[in-house]
There are 4 protein chains.
Amino acid sequence: MENTQLAPKVKATYQAIVQLFREGIDLNNLTVSEITGKAGIGKGTVYEYFSNKEEMIAGAIFYELKDSCQSLYDHLKQEKDLYGKMNAILLSMEERLSHTSCFFRAIHIMMDNSAISSKLKEMVKSKGEDELLVMDMLGRVIEEEIAFEGELTKEDKAYLEMTVLSKIICYAMYQFNLNNGAKPERKAMREMICRSTCREIENFKVMLAGDVEE
Amino acid sequence: MENTQLAPKVKATYQAIVQLFREGIDLNNLTVSEITGKAGIGKGTVYEYFSNKEEMIAGAIFYELKDSCQSLYDHLKQEKDLYGKMNAILLSMEERLSHTSCFFRAIHIMMDNSAISSKLKEMVKSKGEDELLVMDMLGRVIEEEIAFEGELTKEDKAYLEMTVLSKIICYAMYQFNLNNGAKPERKAMREMICRSTCREIENFKVMLAGDVEE
Amino acid sequence: MENTQLAPKVKATYQAIVQLFREGIDLNNLTVSEITGKAGIGKGTVYEYFSNKEEMIAGAIFYELKDSCQSLYDHLKQEKDLYGKMNAILLSMEERLSHTSCFFRAIHIMMDNSAISSKLKEMVKSKGEDELLVMDMLGRVIEEEIAFEGELTKEDKAYLEMTVLSKIICYAMYQFNLNNGAKPERKAMREMICRSTCREIENFKVMLAGDVEE
Amino acid sequence: MENTQLAPKVKATYQAIVQLFREGIDLNNLTVSEITGKAGIGKGTVYEYFSNKEEMIAGAIFYELKDSCQSLYDHLKQEKDLYGKMNAILLSMEERLSHTSCFFRAIHIMMDNSAISSKLKEMVKSKGEDELLVMDMLGRVIEEEIAFEGELTKEDKAYLEMTVLSKIICYAMYQFNLNNGAKPERKAMREMICRSTCREIENFKVMLAGDVEE
DNA sequence: TATGAATGAGAATTCATTCAT
DNA sequence: AATGAATGAATTCTCATTCAT
């Protein structure tokens, strides 16, 4: 949909970058030649659409992130409860490496101090309300879960978002095999994470209820 | 202690890199000139001790990581329970930015596909038993907590390590202000994280006990 | 002719190298900056056409050698007998230092163990049939001289080629003043060399005839 | 003998260079570290004896050349006629690669325009009367051959020296396989070269006699 | 609009030489 | 006298960006 708004050369550029990214190329060492070569356009052409390399890369990441989050969120609506939603998120990370990448890489890139990072942070800051990024998506999932019980303060919401995100990071780390040791079964792992997420949220609800009663 | 084993120029190099790192310079765009300039040594000199730039940077990260984990772990022994230990970890991340950086950056760097990353992964893989990195430290904390109840399988341990690490990452993200919105009070945040960590571990113990009874 | 096939920047590069070479600069200590400076092109530009310095230099030598040998060979056709041809070769070496250099330097460079040498040997090995280098040129001269008497074995031809080449080297050494002592008159020197070359070939023909008669 | 005049560190340096040279290392890319490493002395130490790298290398070549020529010349005295002497020279080039190298490389190095070359030429120019280099050796052989017939002019001697040297170079090129094609049998090759050398000298003698008679 | 040849600033790395010990 | 750690000038090569076509 929004894709149609993108000029064809811009889209080609974004796709090329995302593709190279999935092939495992380090974004900090990506060259304009590689990008335009993959995109099948002239090297000079990208400079008609972007003013420098950082803009291209940050733009591609942002675009992919938004797109990926939106489609995942749409998919989540089919699920009834939090357990199902969480499971769907984790499963999507398995199926489409892109989702793992998306969540993960976005955080990753925003955390270094490269020029790409600055540009991306800037883009995130000035994004539209309707553009759904990771935190927004998680925020909505949480609100839907807690909604009928009452209103959430911003602080509580922020805490819960991070709690859920940390679970997702946990699964991403598992997939990237960062712990460098023995790995539990994939399914068992997923179940443990979903259960503990539900438990955390449940706990929070109980706590909230307790606060209200008092 | 171990520091005395490092040749003075190596130490100066490591310190310069760590310092630049804390100043927020992106490690992927760090130049040898910057390093040697900061270290106060000749540009050619570092090549007497390292065979390339990646070795310098990965070496510095590894060294700092090790050092930082060791000192933090030593500090943790004063704490009686898991809550206290977790709190101490989070507090140390606040006091010494280096700790935040360490935990966080180590994961960060290991996750990209740069040459530095490869080198660092290699170093981590071939490290000695006595060299304590983040996961080892968390592993010990967890074992000490669960020990008297019985023996942990490798998979369970891996899961728990990742769970605890994800909590820490959660706090780091909070500090980096990555949620981009309202922040809870620092203390409240820390308490929430510590409590939820304890609850997770407690839950796991209950589950283990259940398995045994059956 | 073939020159037109060369991209302009490649030609400029070759010409710059050959020129520097004639100015007496040692090829093993030639820098890319010097080459591009002389060629009047940007330092980065040569790397669009060559993948490293050795390729540039070996390419230039090969190109000059081929060109020089071809033009000299064409010129030789005007001469009727071996004496005349030999004299023409020596005279051309006097007039155009490039010829002396060519013969001489080609051998010279192929004899050291530098990277340029390896590259040049490789180029010589894979050259086309129609590309005329020193030995090919001498081979043709000799064949034309001996032809009507009968067929030459490969070994005999190889011997004769080297014999003639040694005469040329003799004259080159004379010109380079390598003997460091008294020099005969130039004309006298040339005559002596031509005469002795003819005598050697004549002798060989007689020997061949003797072999046949037996 | 003369070797004892050399300081031990100088001798070690020379030997290291000659050895590296024989191992086929390109002298233009030889480093001081390689030299001192091979010589088993400290890198700073050579600068007590030489003022720069060129002096070391040119000195080593000069020393080896002198030594080699002297020993070969002594050996030649056992041979009765020119054919035998010439054959002995060629054979020695076969046996001891060093001789081939020496004669050849000396010429080779003197022919480029490197700093080593300049230094070496300088050394040759200022060498003592008793120091026997290639040309001196050949000059003596020639004088001994022609002596009883009369006195040689300097120019004639120079011509003859070059003639003989060109034959030797011819054999060297044969050994280096620079002709890149079919090689005659080694023995046959040697015989052809020796015979043609004798013939040349004989011819010259006849010519000289003719001049005198007139 | 699209291109890619041309560019030069800047990066990593090497190595002859110095000098304090 | 002997050393080798330290140095920085010099070199090769890369690559983002420009601009004439």
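Reckoned from all heavy atoms, side chains included, excluding hydrogens, waters and symmetry mates. Every value quoted in this text rests on a predicted model; they were computed, and no experiment measured them.
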N/O donor-acceptor pair under 3.5 Å between B:Lys127 side chain and B:Phe62 backbone: no
query: Of all heavy-atom pairs between C:Ala12 and C:Ala39, which one has the smallest distance, and what is that distance?
result: O-CB, 3.6 Å
message: Less than 4.5 Å apart, side chain to side chain, heavy atoms only: is that true for D:Ile57 and D:Phe21?
response: no
- line: To the nearest angstrom, the NZ-C1' distance between C:Lys9 and E:dA5 comes to 8 Å
Close side-chain approach of A:Tyr14 and A:Ile61, heavy atoms under 4.5 Å: no
- line: The reported gap from OG in D:Ser51 to CE in D:Met56 (rounded to nearest 0.5 angstrom) is 8.5 Å
- prompt: Under a 4.5 Å cut-off applied to non-hydrogen side-chain atoms, are C:Lys38 and C:Glu23 in contact?
  reply: yes
task: Under the side-chain contact (heavy atoms from CB on, under 4.5 Å) rule, collect the residues that match up with C:Lys9, sequence neighbours excluded.
output: C:Ile41, C:Thr45, C:Tyr49
task: Please work out the stems of DNA chain F from pairs that are Watson-Crick or G-U wobble with both distances under 3.5 Å, keeping only runs of three or more consecutive pairs.
output: E:2-21 with F:2-21
- prompt: If every non-hydrogen atom of C:Asn28 is compared with every non-hydrogen atom of C:Ser114, which pair is closest and at what distance?
  reply: ND2-CB, 3.4 Å
field: A:Phe50 CZ to F:dT18 C1', straight-line distance once rounded to whole Å
entry: 18 Å
Spacing between C:Ile35 atom CD1 and F:dA10 atom P, to the nearest angstrom: 18 Å
message: Less than 4.0 angstrom between a side-chain N/O of A:Tyr49 and OP1 or OP2 of E:dA2, yes or no?
response: yes
All N/O pairs under 3.5 Å across the protein-nucleotides 14-17 of chain E interface:
{"unit_1": "E:dA16", "atom_1": "OP1", "unit_2": "D:Lys53", "atom_2": "NZ", "d": "3.1"}
{"unit_1": "E:dA16", "atom_1": "OP2", "unit_2": "D:Val32", "atom_2": "N", "d": "2.8"}
{"unit_1": "E:dT17", "atom_1": "OP2", "unit_2": "D:Tyr47", "atom_2": "OH", "d": "2.9"}
{"unit_1": "E:dT17", "atom_1": "OP2", "unit_2": "D:Lys53", "atom_2": "N", "d": "3.1"}
{"unit_1": "E:dT17", "atom_1": "O4", "unit_2": "D:Lys43", "atom_2": "NZ", "d": "3.4"}

